[in-house]
Structure formats: C-alpha cells, structure tokens
Amino acid sequence: MKETEGITEIQIDTLGYYVDRALNVMVKKLNKTFTERNIDLQHSQYTILKVLWSKDGLSQSQLSKILGKDPAAICRALNYLEQKGYIVRKSRDSKTNGVYLTEYASDRKDDIEQVADFITESATEGMTEHQRNMTAQLLTKIYNNLK
C-alpha cells in the first residue's frame, strides 16, 4: 500500500473503480485548467460543445442520449451555455427546439480544444498511439456492452 497525504491507498479489484478514478482526475484537471486559462466552462458544458461542434442543431433529447446524461443535467448545462453566449435554442419544427452554436462558441473553439487536447496528452503520457487507440476501443466496447 502507498501513503498519499496521510491516506493509505488501497487496491480495489473492480474495473468501475479504475474507470471512475481516471475520469474524476481528468475532469478535475480539465476544470482547473479551464479556470487557469480564463475559459468559463466546466467539463459537463464542454462535452455538449464537443458534440455540437460535430453536429450542430441537435435537440436537448438527442444530446441527452448521445452523452448518456439525464435530461435535467443537460438542461442545466444548456441554460449555462446559453447564458454565457455559447449556444442558442431555435425551433427546428413545431415540436422540437434545436441547440445551435453561436459565433462566440466558434471563436472560442480553438482555445477550448487546446485545453482538452493538453489534458488528453497529459493523461496518456508514456502511452503509444496503439495503446491510446486500444484504450478508446476498450472503453467504447464497455459502453456498448452496457447501454
């Protein structure tokens, strides 16, 4: 066992523990780096922007399904993004609103992606490209097996 700030680190032989621990440290580092670089975003909002940069105009329901988040969490993040000027909601048809990126979101994309890329590079330091690809494939397989 390893001592970490007075707390003994224990080994837990559960895949979910390791996945959760890795995600938590990446989210904390991403949020901290956004703050340090004066980017007013949190991980939950960034993931929505990331999806919208790939496919603008999705509905709140589609975002919820793609990201695997409950609709209330998506709604809160969208409210924040709208308030900060990253997105607007516009009617797509009589029943559905689409979520669209603003010019401000497009202007900030490079700065935001630079931070996310830095965190990914830091997290995968010492890994080969093959190991990075395999990690993504394995996590995707886990997701697909359980969705």
**Message:** Could you work out, with side-chain hydrogen bond (donor to acceptor under 3.5 Å, both in side chains) as the rule, every residue matching Glu113, not counting sequence neighbours?
**Reply:** Tyr46, Lys50
**Asked** So, does Asp56 use its side chain to make a donor-acceptor pair with the main chain of Leu101 at under 3.5 Å?
**Response** yes
**Prompt:** Which of these, His130, Gln131, Glu129, sits in a side-chain contact (heavy atoms from CB on, under 4.5 Å) with Asn133?
**Reply:** Glu129
**Message:** How close do Ala116 and Leu30 get, counting heavy atoms only, and between which atoms?
**Reply:** CA-CD1, 3.9 Å
**Asked** Between Arg132 and Glu121, is the closest basic N to carboxylate O distance under 4.0 Å?
**Response** yes
**Item:** Minimum heavy-atom distance between Arg89 and Cys75, given as atom pair plus value
**Value:** NH2-O, 3.7 Å
**Request:** Using modelled atom types only, decide if a donor and an acceptor are shared between the side chain of Thr33 and the backbone of Val115 within a distance under 3.5 Å.
**Result:** no
**Asked** Side chains of Ile87 and Tyr104: closer than 4.5 Å at any heavy-atom pair?
**Response** no
**Prompt:** Is the closest side-chain heavy-atom distance between Thr140 and Asn144 below 4.5 Å?
**Reply:** yes
**Message:** Going by salt bridge (Lys or Arg N to Asp or Glu O under 4.0 Å), name the residues that satisfy it together with Arg92, two or more places apart in sequence or in a different chain.
**Reply:** none
**Item:** Where Asp93 and Ser91 come nearest, the two heavy atoms and their spacing
**Value:** O-OG, 2.8 Å
**Asked** Could you go step by step and tell me if Gln60 and Leu78 meet the side chain to side chain contact (heavy atoms under 4.5 Å, CB included) rule?
**Response** CA-CA 8 Å; Gln60 181 174 320; Leu78 290 176; 3.8 Å; yes
**Request:** Check whether any side-chain heavy atom of Leu139 sits under 4.5 Å from a side-chain heavy atom of Tyr143, and report yes or no.
**Result:** no
**Message:** Given 3.5 Å as the limit, does a donor-acceptor pair link the side chain of Thr124 with the main chain of Met127, or not?
**Reply:** no
**Message:** Taking side chain to side chain contact (heavy atoms under 4.5 Å, CB included) as the definition, give me every residue that meets it alongside Ser61, ordered by chain and number, with sequence neighbours left out.
**Reply:** Ser59, Lys65
**Request:** Taking atom types as modelled, find out whether Asp40 and Tyr80 have a side-chain donor-acceptor pair closer than 3.5 angstrom.
**Result:** yes
**Request:** Look only at the side chain of Glu82 and the backbone of Asn79, and say whether a donor-acceptor pair between them is shorter than 3.5 Å.
**Result:** no
**Message:** Checking the side chain of Asn24 only, and the main-chain atoms of Asp20 only, is there a donor and an acceptor separated by less than 3.5 Å?
**Reply:** yes
**Fill in**
Tightest non-hydrogen contact, residues Arg108 and Asn38, listed as NH2-O, 3.9 Å
